[in-house]
Amino acid sequence: MLTFLALTSVAFLGIVPEQSQAIAIYTGWERHALVGSDIRLSCSFFSWRWTSEDVTFSWTYRPDGSRDSISIFHYTGGAAYVDNKGPFRDRLEFVGNPGRRDGSILLKNLELNDNGTFTCDAKNPPDIVGRPSSVRLLVFEKVPIQAGVITGAIIGVVLGLLVLIVVIYYLMRFLVARRVFSLSVR
């Protein structure tokens, strides 16, 4: 009898239970930083719904060479909770804006052993189903020379030589033409 009344009220009043949609979470692919610097790890999401007051962000960290992840940050109910015992104690700050669907964190004073994979998960109730997104952090002591820089330098030198050859060619042609003209005038 109770089921019949519930179905009848849904039919007459147009009350429809709220459906859950998928949520898409975005982070960068890979970030590079130097020892001692700070870096912002961005996390945002797309949801078909307005940003809920119950929005949550969770960050986990998996060091290079490890299979286990460590929870390092959680945002829920308008409050940020930073892990005060883990590898980022006193070095992690929440810099996101949940109202703008931003759950970014700032890692301060990076160390070489901070290399690893950071994973962000977001929930915007009732949209709670989605795949967490990961970003890999690589910390270096000094800036590495990348293949693109070397390739760009080689291309620049080759183009510079070509321009120089063209300029010399036209300069020689001009000088020869001027000499021929001065000889024909005499």
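Numbers here simply count residues along the sequence, with the first being 1.
Minimum heavy-atom separation, Leu34 to Lys142: CD2-C, 3.6 Å. The two residues Ile39 and Ala33 come nearest to each other via the heavy atoms CD1-CB, 3.9 Å. A pairwise comparison of heavy atoms in Arg49 and Pro126 identifies NE-CG, 3.4 Å as the closest pair. Nearest approach of Ile25 to Pro132, heavy atoms of both residues: CD1-CA, 4.1 Å. The two residues Ser42 and Ser104 come nearest to each other via the heavy atoms CA-OG, 3.2 Å. Here the shortest heavy-atom pairing between Tyr75 and Gly78 reads OH-CA, 3.1 Å.
A 4.5 Å side-chain heavy-atom check between Arg91 and Asp114 finds at least one atom pair inside the cut-off. Proximity of Leu110 to Val35: side-chain heavy atoms (C-beta onward) are nowhere separated by under 4.5 Å. With a 4.5 Å cut-off on side-chain heavy atoms, Phe45 and Asp127 do not count as touching. Annotation: side chain of Leu112 is in contact with side chain of Glu141 (closest heavy-atom distance under 4.5 Å).
The list of salt bridge (Lys or Arg N to Asp or Glu O under 4.0 Å) pairs with a residue in residues 60-75, not counting sequence neighbours, reads Asp64-Arg136.
In this structure, Tyr26 has its ring center at least 6.0 angstrom away from the ring center of Phe46.
Side-chain heavy atoms closer than 4.5 Å link hydrophobic residues (I, L, V, M, F, W, Y) into clusters, and following such links, even through other members, never connects Val166 to Val157. If you chain together hydrophobic residues whose side chains sit under 4.5 Å apart, Val163 and Leu171 never meet in one group.
Judged by distance alone, the side chain of Asn84 and the main-chain N or O of Arg89 form no donor-acceptor pair under 3.5 Å. In terms of modelled atom types and a separation under 3.5 Å, the side chain of Arg100 and the main chain of Ser44 share no donor-acceptor contact. No donor-acceptor distance shorter than 3.5 angstrom exists from the side chain of Ser66 to the backbone of Pro63, with no hydrogens or angles considered. Checking side-chain atoms of Asn124 against main-chain N and O of Trp50 turns up a donor-acceptor pair under 3.5 Å. A donor-acceptor pair is defined here as one N or O able to donate and one able to accept, closer than 3.5 Å; such a pair exists between the side chain of Asp38 and the backbone of Asn109. Checked by atom type and distance alone, the side chain of Trp59 pairs as donor or acceptor with a backbone atom of Gly103 at under 3.5 Å.
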- Query: Could you walk me through whether Phe57 and Asp102 pass the side chain to side chain contact (heavy atoms under 4.5 Å, CB included) check?
  - Reply: CA-CA 9 Å; Phe57 291 97; Asp102 178 14; 5.8 Å; no

- Message: side chain to side chain contact (heavy atoms under 4.5 Å, CB included), that's the test. Do Asp83 and Ser71 meet it? Break it down for me.
- Response: CA-CA 7 Å; Asp83 177 34; Ser71 178; over 6 Å; no

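Salt bridge status for Asp121 with Lys123: present, with a side-chain N to carboxylate O gap under 4.0 Å.
Between Phe88 and Tyr61, the angle of the ring planes goes over 60°, which puts this pair in the perpendicular group of the 30/60° scheme.
Heavy-atom contacts from other residues, nucleotides or ligands closer than 6.0 Å to CD of Glu30 number more than 12.
Considering NE2 of His32 and CG of Leu137, their distance stands at 8.5 Å, rounded to 0.5 Å. Atom OG in Ser37 sits 10.0 Å away from atom CG in Leu107 (nearest 0.5 Å). Annotation: the span from Ser52 atom OG to Arg101 atom CZ amounts to 10.5 Å, rounded to 0.5 Å. Rounded to the nearest 0.5 angstrom, Cys120 SG and Leu41 CG are separated by 9.5 Å. Atom CZ of Phe118 and atom CG of Leu92 lie 8.5 Å apart (nearest 0.5 Å).
Partners of Ser133 under the side-chain hydrogen bond (donor to acceptor under 3.5 Å, both in side chains) rule, at least two apart in sequence or in another chain, are Thr27.
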